[in-house]
Amino acid sequence: MRYRGRFAPSPTGPLHAGSLVAALASWLDAKAHQGTWLVRIEDVDGPRCSLEAARTQLAQLQACNLFSDEPVTWQSQRTSHYQAALTRLREQHAVYACRCSRADISKALLALGVAPERHRDMPYPGSCRGLSLPYQSGLSVRFKVQPGMKSWRDRRLGEQAQNLVTAVGDFVLLRSDGLWAYQLAVVVDDTDQGITHVVRGEDLADNTPRQIQLQQALGFPTPEYLHTPLVLATDGEKLSKQNGALSVNVATPELALGALQSAASHLQLPIHPANTCAQALAQWVQPWRERWGMSRHA
Ligand code: GLU
């Protein structure tokens, strides 16, 4: 199988230390397998994304000498593909329209005795599943998850399992405001771009079973996954704008090299003297193979 990997940032702000780790890891894994590395801008959530942020992210990658091997793709230009996938799922009765607001969902969960968890979306209890509501604007469209444990293997985390019914419930593919959900866009794009290996931050690991079920419903192949260790803020929480995730400063070649070296040391790669980002990147390909191993399918 010809290795194809990607880095898929959401342009909600400039790249921070955590996103650079994911960019570097996905680039190194692709190069370690003599594969192709793509950059895809995940600007599907229009109101939270901006062209300016996307341009900044691309400039930051360029300053670090991380270049997409093929033209950069933009999710905002791919909506007809998401629509086609949704139409197929509708024909299969794998989805349904839902009119629940967040308040409706928490009320329904409360009635079932399920307490909301911090930093977790509320699992959808399926209130609209049997209602056959008409598909119309203002309603969301949800995917019917299969009961039982979903197991999958991560190259770093090993065997993983999630019960989609209790962890997330039927999840949204098309939002009530008409925006496409990340889960559908990512699965359609990974398939259309022939992605064989996904390397991304561990915060996304628990999205994987949802994506695998969607791939299976659509008859798409499942890539291999490797979720990289998270860069945490000093308060131990995930880096975010709220706790001061700083933009990676690449204003000079020295700063760009320093940023890459921090990302590499987070990935437990050795830091040797280097003059340029290109030189440092080339030095890490073999250590990457030794530290993180090679995929069995490439
Ligand atoms: N766009 C997602 C993010 O920036 C990442 C998607 C992915 O790698 O699957 O969090």
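Both ligands and their constituent atoms are indexed starting at 1 by order of listing. Basis for what follows: all heavy atoms, side chains included, without hydrogens, waters or symmetry-related copies. Positions are given from 1, in the same order as the sequence printed here.
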Heavy-atom nearest option to atom 3 (C) of ligand 1, drawn from Pro11, Ala185, Ser26, Ser10: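 Among Pro11, Ala185, Ser26, Ser10, the closest heavy atom to atom 3 (C) of ligand 1 belongs to Ser10.
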Scan Gln160, Arg200, Arg153 and name whichever one has a side chain to side chain donor-acceptor pair (under 3.5 Å) with Thr208.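 Going through Gln160, Arg200, Arg153 one by one, the side chain to side chain donor-acceptor pair (under 3.5 Å) with Thr208 is satisfied by Arg200 alone.
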How are the rings of Trp292 and Trp288 set to each other: parallel, tilted or perpendicular (split at 30° and 60°)?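 Judged by the thresholds at 30° and 60°, the geometry between Trp292 and Trp288 is tilted.
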Can you label the angle between the Trp37 ring and the Trp27 ring as parallel, tilted or perpendicular, going by 30° and 60°?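 Aromatic pair Trp37/Trp27 classed perpendicular.
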Check each atom of ligand 1 against the heavy atoms of [X] and keep those under 4.0 Å away; list them by number with element.
X: Arg6; value: 7 (C), 8 (O), 9 (O)
X: Tyr182; value: 6 (C), 7 (C), 9 (O)
X: Val186; value: 9 (O)
X: Arg200; value: 7 (C), 8 (O), 9 (O)

Any side-chain heavy atom of Ser19 sitting closer than 4.5 Å to one from Pro9?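 No, every pair of side-chain atoms sits at 4.5 Å or beyond.
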Do Tyr225 and Ile212 touch side chain to side chain, with heavy atoms closer than 4.5 Å?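 They are in side-chain contact.
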Return a yes/no value for Ala8: is any of its N or O atoms, backbone included, closer than 3.5 angstrom to an N or O of ligand 1?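 N/O-N/O distance under 3.5 Å: yes.
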Part of Leu204 with heavy atoms under 4.0 Å of ligand 1, whether side chain, backbone, both or neither: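 Side chain only.
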Does any N or O in the side chain of Ser68 come within less than 3.5 Å of the main-chain N or O of Val39, such that one atom is a donor and the other an acceptor?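 A pair under 3.5 Å: yes.
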Within less than 4.0 angstrom of ligand 1, does Phe7 place any heavy atom?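 It does not, in that no heavy atom of Phe7 comes within the 4.0 Å cut-off of ligand 1.
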Under the 6.0 Å and 45° cation-pi test, does Arg142 pair with Phe171?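 Here Arg142 fails the 6.0 Å and 45° test against Phe171.
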If you have a sec, work out which protein heavy atom is nearest atom 1 (N) of ligand 1 and how many Å separate them, to one decimal?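 Protein heavy atom with the smallest distance to atom 1 (N) of ligand 1: Glu42 OE1, 2.6 Å.
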